[in-house]
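The block underneath contains the structure these notes are about, expressed in structure tokens.
For the numbers below, each heavy atom of this structure counts, side chains included, while hydrogens, waters and symmetry mates do not. Everything numeric in this text was worked out from a predicted model, so none of it was measured. Every chain is numbered from 1, with letters handed out A, B, ... down the list of sequences.
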Number of protein chains: 2
Amino acid sequence: MTGEQNEKPGRKPRVRDAEATKARILEAAKKEFAKKGLGGARVDDIAEKAKANKRMIYHYFESKEGLFQTILEEAYLDIRNAEQKLHLEDLDPRAALEKLVRFTWEYYLKNPEFLTLVNSENLHRAKHLKKSEIVKASSRKLVNMVSSILERGVKAGVLRDGIDPVQLNITIAAVGYYYLTNRFTGSIIYERDLMAKDALEQRIQFNIDTIMRIVAA
Amino acid sequence: MTGEQNEKPGRKPRVRDAEATKARILEAAKKEFAKKGLGGARVDDIAEKAKANKRMIYHYFESKEGLFQTILEEAYLDIRNAEQKLHLEDLDPRAALEKLVRFTWEYYLKNPEFLTLVNSENLHRAKHLKKSEIVKASSRKLVNMVSSILERGVKAGVLRDGIDPVQLNITIAAVGYYYLTNRFTGSIIYERDLMAKDALEQRIQFNIDTIMRIVAA
DNA sequence: CAGTTAACGCACTAACCAGTTACTTCTTTT
DNA sequence: AAAAGAAGTAACTGGTTAGTGCGTTAACTG
């Protein structure tokens, strides 16, 4: 009566764990949406891979689209958060930009789901992302960061003036994103394995060089 | 046999016209696949919009995937063919590259289906494109063209040496492709209408500038 | 013009799929 | 210890979807 049901105090052998189940669903759904897209993913498959009952998905996320929206928002917040952790404001302007180019490339490389999720969201004309104010806010921070790097660089005379930070941001993403999201068709079109170790190294060098040439004073 | 069956020579009032039906199916399917992706497109919808019977799709293209493969191949051949018609070999190296950057941008802008079809194909790990030898051959021509432009430019002293034509090609595509395929999420993230007339003009200028800086001697 | 071929269409099916109903089991609260 | 509520499950539903069987009709051939 006083607690002798549980012989090992301090341990919680909970069979039921809402947070853990939720996390398993999110993880499984991210992989599934990334692999098949929003339309191609199957709720039953997600439930199975999450080792959760399908009913739980509807319990926690209301609908398939609700689940997708949650995952998409988390994905954006994750990359924006990782960018903030680079502390680019502490580096000199040129080094800061190089670090951002390298980070963006490596993030896409390590998190290819991000690319597919964004593609899927654009196929749906960004209807889910539209609703997210927090993603907008965290993106604004990134643009401001690049903006201030450019300003510092111009003042120090190491970067040229008149560059639109949004265009630069888009281009930094573009040169990595395109290469990686189209790695399958690209490997056929260009008749070389774009994902081979030396091909990847060659590409990141080319991208850093490209961005540096854009901003050079 | 003498031609008197048809009172109006040069006109074919055929009720049954295999070629026309096939063409209508292809056109409708391209739009549908572009809008919904391979997984999201519905064969019934394609048939309806093509004003053809669903049975005809299976008669001409065997399966939904067979239809997709035909459309994808046609799409690639169309852009590769249009590129050849630019006759870049007749222009001086710098003008040739600028023309290619501008063409690529405008092609994507006028044929947004191309972007979505390629995205969809990459979601399926290029399994359909793999089978197409003719697409490989026509892509090779493009790389060779850029390669020879670079060579001419180096000889003339107007372009720098040591640029990998494949990396350049990829980058020319990337700076336009990324901007346009992600126009929906991009317009939210960057809090501006990326498809506004002046935004588009600003972007193509930025892209030309970017490519010119990459190749500058 | 009879016979053959190819274009076309109706109506069906077997599988699939997002979402739900109705229920059981576990945990916490009082 | 009993009530309350949350976590979890299985089986089902109504609608959808890729793909087909089979019959019909138009166009071409000899």
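- D/dT17 atom P lies 12 Å from atom CD1 of B/Ile46, rounded to whole Å.
- In this structure, B/Glu121 and A/Thr185 approach most closely via the heavy-atom pair CG-CG2, 3.6 Å.
- Between B/Asn53 atom CG and D/dA18 atom P there is a gap of 15 Å when expressed in whole angstrom units.
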In sequence, state the C-alpha distance, the side-chain angles, and the governing distance for B/Lys141 and B/Met145, and then conclude on side-chain contact (heavy atoms from CB on, under 4.5 Å). CA-CA 6 Å; B/Lys141 274 190 196 169; B/Met145 171 62 72; over 6 Å; no

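- At the heavy-atom level, B/Ala41 lies under 4.0 Å from the strands shown only through sugar-phosphate atoms.
- One donor-acceptor pair, N or O on each side, does fall under 3.5 Å between the base of D/dG19 and the side chain of B/Lys54.
- What separates NZ of A/Lys36 from C1' of C/dC17 is a distance of 13 Å, to the nearest Å.
- Of the candidate nucleotides C/dT20, C/dC17, D/dG8, D/dG8 has the atom lying nearest to any side-chain atom of A/Thr21.
- Rounded to an integer number of Å, the gap from CD of A/Glu19 to C1' of D/dA6 is 13 Å.
- Taking for each of B/Met56 and A/Val43 the nucleotide of DNA chain C with the nearest heavy atom, the 5'-most of the two is the partner of B/Met56.
- The side chain of A/Ser63 lies closest to C/dG19 when the candidates are D/dT20, C/dC17, C/dG19.
- At a cut-off of 3.5 angstrom, counting only N and O atoms as typed in the model, there is no donor on one side facing an acceptor on the other between the side-chain of B/Lys64 and the base of D/dG19.
- Residue B/Phe61 is out of contact with every strand shown, counting any heavy-atom pair closer than 4.0 Å.
- Remark: the backbone N or O of A/Leu194 is paired with a side-chain donor or acceptor of A/Tyr179 at under 3.5 angstrom.
- The base of D/dG23 has none of its N or O atoms less than 3.5 Å from a complementary donor or acceptor on the side chain of B/Arg55.
- Taking atom NZ of residue B/Lys51 and atom P of nucleotide C/dC8, one finds them 15 Å apart after rounding to whole Å.
- With hydrogens and angles disregarded, a donor-acceptor distance shorter than 3.5 Å links the side chain of B/Arg24 to the backbone of B/Lys51.
- We find that CD of A/Glu65 is positioned 11 Å from C1' of C/dA18, with the value rounded to whole Å.
- Going from atom CD of A/Glu48 over to atom P of C/dC17 covers 12 Å, rounded to whole Å.
- The distance between atom OH of B/Tyr58 and atom C1' of C/dC8, rounded to the nearest whole Å, is 16 Å.
- With hydrogens and angles ignored, the 3.5 Å screen pairs a side-chain donor or acceptor of B/Thr116 with a backbone N or O of B/Pro112.
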